[in-house]
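Below, chains carry the letters A, B, ... as their sequence lines are ordered, and counting in each starts from 1.
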Amino acid sequence: MFIRAVLFFCLFTGVFGLKLNAQSDFLSKRISLKIKKQTLPLILKQIEEKTGATFNYNQKIIPAGSFSLNVQDEELSVVLVILLQPHKLTYSLLYGNNFVITKTVTKTIKHTISGFVYDEETGEKLINANIYNLYSLRGTTTNQDGFYSLTLDEDSVKMVYSYIGYQSVSSTFLLNANFIYSVTLKSTINLPTFTVTSKPDNTNQFKPDEYRINANTLKKFPVLFGETDVIKSLQLLPGVSAGNDGTTGLNIRGGGPDQNLILLDDVPVYNPSHIYGFFSIFNSDVVKDVTLIKGGMSSRYGGRLSSVIDVRTIDGNTKKLNYQLSLGVLSTKLTLNGPISRNKKTTMVLSGRRSYLDVLNSLTQSSIFSNQFSPIYSNYYFYDVNGKVNHRFNAKHQLSLSFYRGLDNSFTKNSFKAKDPEKVIKEKDNQNLFWGNSIASLRYNHVISPKLFGWFLASYSKYTSGNESNYSYIEKNDTQSIENSYNYTFVSVIRDWNLMYNIEYKPLNWLSIKAGTGFVFHQFSREVSTSATNIVKPIPSSKEAINSIEYNAYSDVYIRFHRKVSATFGLLYAQYNLQGIQYAKSQPRFNLNYRPNKKLLVHASYSYSMQFLHLLTNSTAGLPIDLWLPSTMKIKPEFANITSAGISYSKGKYLYNFEAFNKNMGNLIEYKEQVNYIGKDNNWEDKVTSGRGWAYGLEALIEKRSGKTTGWLSYTYSWNYRQFDAINAGKIFPYKYDRRHNLAMVVNHQWSDKWDGTVTWVYTTGANTTLPVQVYYANSGVSPDNVIYVYGDRNAYKFPDYHRMDVCVNYKKQKPRYTRIWSFGAYNVYNRLNAFYVTPTYNQDGNRTLKLVSLFPILPNINYKINF
Amino acid sequence: MFLVLFSCRKQIDFQLPTQTQSLVVNSNLCADSFISFTLKYTQAINDNTKPLLENNAIIEIFTKDTLLLETIPMGSNGHYLSVNTKAQASLFYLVKISLPGKVYWMGDSVPSPSQSKILKTDSIIFQGKENFFRINYQLKDLQNGLDYYGIKMKHYCELYTLKPNGDKDTTLIEEWIDVETIDPILTEDQNNKFSKKHLLFSDKYFNGSPIIFNFGTGALANSISKKTKSIVIYMEHYTRQAYDYYSTLNEHIFYQNDPFSQPTLVKGNINGAYGSFTGKNVHNDSLIFKY
């Protein structure tokens with residue numbers, strides 16, 4: 001009867017969406033207590049004294065005996081759960097500071113509350129938002145589609161919805177049926193949103209191996225040439241080692257850049273870089289969220305060894321049409337984003353970016369170099385276009401169609417025309433190097449039931465690289481015409497057609513299951529097309545295509561065994577077929593979390609991964625001559641065993657995360673010594689060699705997550721080695737980016753609503769390099785004394801230590817109809833000459849010496865963005 | 001381009017461990033020439049003294065059947081010249097170099113002469129260059145498996161300078177010049193991009209057939225201060241070992257300062273030593289210019 005009265009009161013005061021912030025605040029009161037062997041009423045009495053709360057209960061339900069309680073700076077809601085739950089007691093907040101303590105009903109009915117969490121201003125779904133019941137501290141987070149599902153006992157509940165940088169919303173109601181309940185959260189301008197970790201408290205979903213950067217955080221990073229870069233921002237995290245200075249190379253826990261599964265809205269991207277690896281293809285204006293998973297990966301992710309970089313783009317503003325123009329030193333971006341149907345159920349995003357190096361360069365060249373006898377014109381440009389159309393049929397069904405197209409083009413044009421009384425001559429010689437990705441996907445999300453969410457994806461991903469050469473010579477006079485021409489095109493293409501279906505099922509609060517299956521059709525083709533007029537055509541046109549099929553099925557089962565212990569058991573089965581060859585392997589994954597108290601998390605993970613595709617590269621600069629190749633009879637799939645363990649601790653505004661990892665990799669491939677490029681050769685398998693690699697190390701992260709000044713300090717202490725029978729005479733050698741120490745410091749400060757600034761500082765041990773250690777002189781046939789270098793052991797020498805500081809200051813001005821943002825900053829503020837490479841050369845005295853070449857001195861930048 | 005503009009350089013000192021010096025063999029095994037060798041040693045990258053020469057080696061030249069042809073007992077300035085053994089086309093030579101505590105063996109054959117000739121020459125406009133001197137050249141290839149070739153051009157010219165007293169001073173210059181071409185036969189071989197002065201190619205596209213190709217030079221001079229006197233075209237027929245050596249040597253030089261390439265190793269044919277002992281047969285054609 002009493003409970004019913006309480007429930008009635010709850011319904012009366014705060015049902016369905018009514019915000020009870022005063023009550024929330026009361027439950028959030030922090031207390032410290034150290035009580036030894038006292039009766040429960042006495043303990044409650046002391047809590048009453050500390051907090052001003054009043055507890056009402058029936059003496060009969062209170063257990064006899066003495067109990068202890070030891071809590072330090074804990075919220076009242078947590079203290080009550082710790083105190084009452086072991087005795088099968090629960091509490092409800094009646095009004096003000098009055099609580100009622102009741103017996104937990106043993107065979108209670110359970111209901112599920114599910115829905116989406118949206119941004120109030122744009123209607124965008126929020127990924128990884130926290131949802132929990134304040135009374136029981138049971139919680140969950142939204143998935144990549146902003147969906148959550150939480151099964152709770154039939155009772156009054158107080159649901160709290162929170163997301164970093166947004167005002168929390170709480171709702172109290174009686175949960176007596178399955179509910180679909182979606183909420184919108186309002187962003188807080190005053191609070192900085194500069195963080196890379198999920199909130200470790202209030203949720204069981206905190207993943208220590210996972211870092212998340214949302215759009216707000218991303219836009220505050222200092223930039224190179226005014227381009228905010230998704231991939232480079234990840235280089236500041238523990239366990240991540242950057243490639244060459246200024247590039248987007250990511251070596252995660254000792255893996256190579258090809259071992260990262262880079263997903264753009266769940267579609268794999270094969271080359272994530274523009275301008276020879278100096279910028280990533282991801283346009284920051286349409287990126288909503290980036291997640292880096294470097295260990296304990298879900299079984300959903302297969303096909304790469306080291307990590308997952310999951311880039312999510314915005315779905316489109318559901319409230320109003322939004323225009324955004326961004327002018328940088330290197331490129332211009334224009335983004336349109338908003339509803340395209342009257343009912344605002346259909347939204348679209350269209351964003352384009354183009355570099356203007358070629359425009360500036362052509363102006364320079366035309367004025368300085370161009371003349372009749374030197375008409376050679378070299379240039380470069382890149383562009384990319386992102387598009388998405390999203391339709392919400394209702395709260396349960398959503399369809400989205402998205403595409404990406406990007407291209408880099410480096411070209412040389414040489415044309416000549418001459419006319420005299422006797423003849424006319426026209427000559428053209430054009431060379432062209434190009435590469436780019438094309439991606440399209442169709443995604444259908446549906447909420448099958450409050451406990452079951454499903455999504456289907458059909459996608460196409462294509463990566464093209466190649467070169468083209470066109471020559472023509474025409475000579476005409478009164479009597480005859482001579483025409484010579486030769487055209488040559490080499491194109492290497494990898495295409496993926498992918499179908500997958502996934503479900504997320506949460507039947508119980510302590511159990512959730514993710515499962516799915518997929519099919520990928522890979523096609524690797526290399527095409528040579530030639531044509532010639534009056535010239536011998538040495539290479540016939542040819543087209544070679546290799547097809548392979550990959551099936552996979554996975555399941556991840558999350559079980560919370562106890563309030564303090566949870567685990568995820570995963571299994572991915574992948575089968576790869578190529579021309580009668582089959583590789584099939586079950587890939588187990590395992591995660592264990594032990595949470596002795598709310599602030600401390602001890603975790604361990606193991607995963608076995610297999611990679612069927614290999615990237616053959618002679619550098620980590622993301623050059624377009626890098627080739628993706630399939631596993632064959634001779635070249636077996638790469639595999640890795642990764643184990644990690646660590647401790648996470650949060651206190652107040654700070655998070656501390658310490659981890660140790662060990663990774664063993666097999667069947668890695670590299671060019672054999674003396675081979676730089678495969679090109680159109682068909683015998684590529686003979687030019688590569690297989691070997692193994694291993695890495696281990698310790699990582700630390702200290703993050704300040706809230707306040708006007710936020711940021712983090714990350715440090716990695718690691719070792720990373722390789723061994724190939726056909727390289728370095730079979731001897732073990734350090735990986736190029738075996739950086740013993742890797743330190744990054746990131747500080748963001750918000751002075752006011754208008755001004756904020758970020759400083760980053762990185763310090764790493766220098767990268768390894770192979771140096772010439774001896775010389776001799778050889779006759780090349782045209783020169784008698786050519787200096788020939790004798791190289792030492794592979795990667796036996798280290799560049800000087802690398803360190804760099806970048807700064808960025810943003811000024812935001814809110815006008816009635818638009819917002820404009822000025823960004824000022826500098827890359828490499830104190831002008832450190834960091835090594836890009838070391839080369840032997842001669843000094844002014846004519847003596848041979850080694851010189852360090854650095855690409856980036858201090859580079860100031862300015863960026864202007866206007867948002868309508 | 002912008003990266004090059006921004007790049008900065010500074011001298012740097014690496015602590016390099018002491019390396020054992022290795023023997024370097026430069027040799028000449030050319031048809032109708034006396035076989036010769038130069039023996040030196042490698043030196044540390046930061047050692048700017050002259051390389052150490054080896055004059056105390058004993059070099060023995062054998063036939064394919066290990067019949068001793070000649071012994072060269074001592075060198076001068078690291079140079080060893082046979083006095084009796086002229087290399088002959090289609091013969092294989094085996095060489096033993098003996099040093100205190102070390103012996104090096106090497107061997108290669110001398111290829112047959114290439115049958116080639118100039119068909120015609122003319123002056124055209126090529127890639128914007130007026131008075132480009134074009135050579136129409138024929139090579140008759142032998143049908144005996146893959147053959148390897150190289151083309152080089154040497155330019156002889158006179159430079160005229162005025163002395164203070166008004167007299168004209170003439171200097172004869174000889175220089176290797178670029179072999180300029182867009183001929184697919186000469187440009188499609190992966191190895192010939194590494195040196196324009198030494199175009200390497202194989203007969204894989206015309207094995208056993210006569211082939212005509214075009215190449216030329218824009219380096220001819222006919223001015224008051226400089227006049228071309230002649231051009232000599234060298235058509236060299238190589239063994240596979242020689243082709244590998246020259247192509248990797250050119251590649252090594254080409255990539256020496258390229259940060260994006262792997263260190264390229266020069267493919268020699270002497271175990272335990274650098275350099276090579278490889279055979280070639282040279283055919284040359286001269287073009288004399290008269291004004």
Under 4.5 Å from any heavy atom of chain B, what part of [X] do you find: side chain, backbone, both or neither?
{"X": "A:Tyr791", "value": "side chain"}
{"X": "A:Asp785", "value": "side chain"}
{"X": "A:Asn847", "value": "both"}
{"X": "A:Val782", "value": "both"}

Need one label for [X]: side chain, backbone, both or neither, based on atoms under 4.5 Å from any heavy atom in chain A.
{"X": "B:Lys197", "value": "both"}
{"X": "B:Phe213", "value": "neither"}
{"X": "B:Asp47", "value": "backbone"}
{"X": "B:Thr20", "value": "backbone"}

Name the one of B:Asn281, B:Leu200, B:Thr278 that satisfies side chain to side chain contact (heavy atoms under 4.5 Å, CB included) with B:Tyr238?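 Between B:Tyr238 and the candidates, side chain to side chain contact (heavy atoms under 4.5 Å, CB included) is satisfied uniquely by B:Leu200.
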(request) Would you name the heavy atoms of B:Tyr245 and B:Val266 that are closest together and state the gap between them? (result)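 So the two residues come closest at CE1-CG1, 3.7 Å.
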Open item on the list: A side-chain contact here means heavy atoms from C-beta on lying under 4.5 Å apart; do B:His198 and B:Trp176 qualify?
Closed with: no
Beyond-backbone contact of B:Tyr137 with B:Leu119, side-chain heavy atoms, under 4.5 angstrom | no
Can a salt bridge be assigned to the pair B:Glu180 and B:Lys196 using a cut-off of 4.0 Å between side-chain N and carboxylate O?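 No, no charged N to carboxylate O under 4.0 Å.
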